[in-house]
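What follows is a set of notes on a single structure, which appears directly below.
Each chain gets a letter, A, B and so on, in the order its sequence line appears, and its residues count up from 1.
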There are 2 protein chains.
Amino acid sequence: MSDRLARLSGRLREQGYRVTGARRAILQELVSSSGHVSADELAALVNRRAPRVGRMTVYRTLELLQQLGLVRPIYLGSGAAHYVLLEDGHHHHLVCARCDAVVEFDDCLMQELEQRLGERYNFRVQGHLLEVVGLCESCREQEPA
Amino acid sequence: MSDRLARLSGRLREQGYRVTGARRAILQELVSSSGHVSADELAALVNRRAPRVGRMTVYRTLELLQQLGLVRPIYLGSGAAHYVLLEDGHHHHLVCARCDAVVEFDDCLMQELEQRLGERYNFRVQGHLLEVVGLCESCREQEPA
DNA sequence: CTCTGTGCAAAGGATTTGCACTACG
DNA sequence: CGTAGTGCAAATCCTTTGCACAGAG
C-alpha cells in the first residue's frame, strides 16, 4: 500500500533531499491518484488534506521528482502539463489522438532495450515512458472515414 | 527528401483538410528541423520563409497534426510544449532527467506490441512515442553520488 | 542552529478565443 | 462561390521568480 510512498520518499532522502510534510502529502496524492494529473489538479488534491501546502510547492516538488526520474510530464489536451509516476521506472498508456482518452497498459518488453541503450549511449537509464497513439473506439465511430 | 513532406500533406488531403500555403510552410520546417521544436520556435522558423504566416496558424496546425497522429507534444524543460514528428508512426529518444539533453535513437522493437495492443483494446494505433529517461554522461559526472 | 524548503504575490510566458477577412478546391 | 483556414489582438491560463519566513536534520 504505502509501500510505494515509502519507496519514493526513500529515494528523496538517499539523494540528500529533505522529506518534508509538504512533500509527503504531495507524494501521497500522486500515488493514490495514480493517474494523469496536472500540477494544479494535484495542488487541489493536496490542499484538501494539507491546506497549508501551496501551489508553488507542488510545482517545485514535481520538478524535483522529474529530475530524479520518478515522474514524467506529458501533454494531454489543454495547455497544462500532466504528470505520471514512473512506477518501477516505467509507464505505458494508449492515448486517443482526438479526444485524449487514456487507457493504461502494463506490457513491458523493454528491459532489454533499455539496457542496450544505456550501454550504447553511455546513459544511466532511470526509466521510460511509452505512449502509443491512435484513435479510441468512440472517436473511430464518430468518423468512419 | 521532400518525400516526407509529400507524405504528410497527402495525409492532410486524404482526411479532407486543405493543403494551404501556410500548412505547407509549417510542414516544411517541421520536417527540415526534424527535432524538437516549440510552437513559438517553429513559428519563428516559418516566418523567415513565409513572413505572412502568423503564430496562431502554427498553433492550430500543430493541433491538427496532433489529432491526425502525425505529431506528438512533449515537455522538455521550460513551460512550452515541444513537438516531434512521428516519422513512419514512431519516434524514440533518450532524455536526460536533469538537463533535458536529448539523444535520438532508432531501435524499434514494437510493431508487434502495437498490433497486440490495438487488438486487445480496440484502438486504431497510429504510432507511438517512447521516451527513455535517465542521466546523460555529463550530468552523471557532475554528481557521481 | 543552519540551511533547505515553503508561501505569497507579482511577473513572465504560453495558449486559447472571437471575429472579420482570404483563398483553396 | 462557399466554406475551411487565417491573422490579429485581447483574454486567459500556466509557470516561474524573488524574497522573507518556517521547519527538517
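- Note: CG (Asn47(B)) to C1' (dT6(D)) measures 13 Å, nearest angstrom.
- In the model, His91(B) has no side-chain atom that pairs as donor or acceptor with a side-chain atom of Glu131(B) under 3.5 Å.
- Following rounding to the nearest Å, Arg23(A) (CZ) and dA22(D) (P) show an atom-to-atom distance of 18 Å.
- Here dT15(C) presents its C1' atom at 16 Å from CG of Leu76(A), a figure rounded to the nearest Å.
- Among pairs with a residue in residues 17-33 of chain B, those fulfilling salt bridge (charged side-chain N to carboxylate O under 4.0 Å, His left out) read Glu29(B)-Arg49(B), at least two apart in sequence or across chains.
- Along DNA chain C, the nucleotide nearest Tyr75(B) and the nucleotide nearest Val53(A) are compared for position; the residue whose nucleotide lies closer to the 5' end is Val53(A).
- Relative to the axis of its first five pairs, the axis of the last five pairs of the helix from dC1(C)-dG25(D) to dG25(C)-dC1(D) sits at 60°, rounded to 10 degrees.
- Spacing between atom CG of Leu68(B) and atom P of dA4(D) amounts to 16 Å, rounded to whole angstrom units.
- dT6(D) atom P lies 10 Å from atom CG of Leu12(B), rounded to whole Å.
- Between Leu42(A) atom CG and dC14(D) atom P there is a gap of 14 Å when expressed in whole angstrom units.
- Within the structure, the salt bridge (charged side-chain N to carboxylate O under 4.0 Å, His left out) test picks out the following pairs touching residues 111-120 of chain A (sequence neighbours left out): Glu112(A)-Arg116(A), Arg116(A)-Asp107(B), Arg120(A)-Asp107(B).
- Classified by interplanar angle (parallel below 30°, tilted 30° to 60°, perpendicular above 60°), the ring pair His128(B)/His90(B) is tilted.
- If you take CZ on Phe123(B) and SG on Cys139(A), they are separated by 8.5 Å, rounding to the nearest 0.5 Å.
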Could you go through residues 57-68 of chain B and list every donor-acceptor pair under 3.5 Å that involves a side-chain atom there, pairing it with any protein atom two or more places apart or in another chain?
from, atom 1, to, atom 2, distance (Å)
Thr61(B), OG1, Thr57(B), O, 2.7
Gln67(B), NE2, Arg98(A), O, 3.3

Subject >> Base-contact (B) and sugar-phosphate-only (S) positions in nucleotides 17-25 of chain C, heavy-atom cut-off under 4.0 Å, - elsewhere >> reply: BB----BBS
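- In this structure, CD on Gln28(A) lies 10.5 Å from CZ on Arg4(A), to the nearest 0.5 angstrom.
- Side-chain atoms of Asn122(A) and Arg140(B) include a donor-acceptor pair closer than 3.5 Å.
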Original post:
Stepwise, does the side chain to side chain contact (heavy atoms under 4.5 Å, CB included) test hold for Val95(B) with Arg72(A)?
Top reply: CA-CA 11 Å; Val95(B) 187; Arg72(A) 258 335 267 177; 3.9 Å; yes
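- Arg55(A) places its CZ atom 12 Å from the P atom of dC13(D), with the value rounded to the nearest Å.
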Protein and nucleotides 11-14 of chain C: nitrogen or oxygen contacts under 3.5 angstrom:
from, atom 1, to, atom 2, distance (Å)
dA14(C), OP2, Asp40(B), OD2, 3.4

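- Nearest heavy atoms, Val133(A) versus Ala97(A): CG1-CB, 3.8 Å.
- Between Tyr121(B) and Phe105(A), the ring planes are tilted. Angles from 30° to 60° get that label.
- Counting to the nearest Å, the P atom of dG25(D) and the CD atom of Glu14(A) are 14 Å from each other.
- For Thr61(B), whose side chain is taken as the heavy atoms from C-beta onward, the closest listed nucleotide among dT6(C), dT15(D), dT6(D) is dT6(D).
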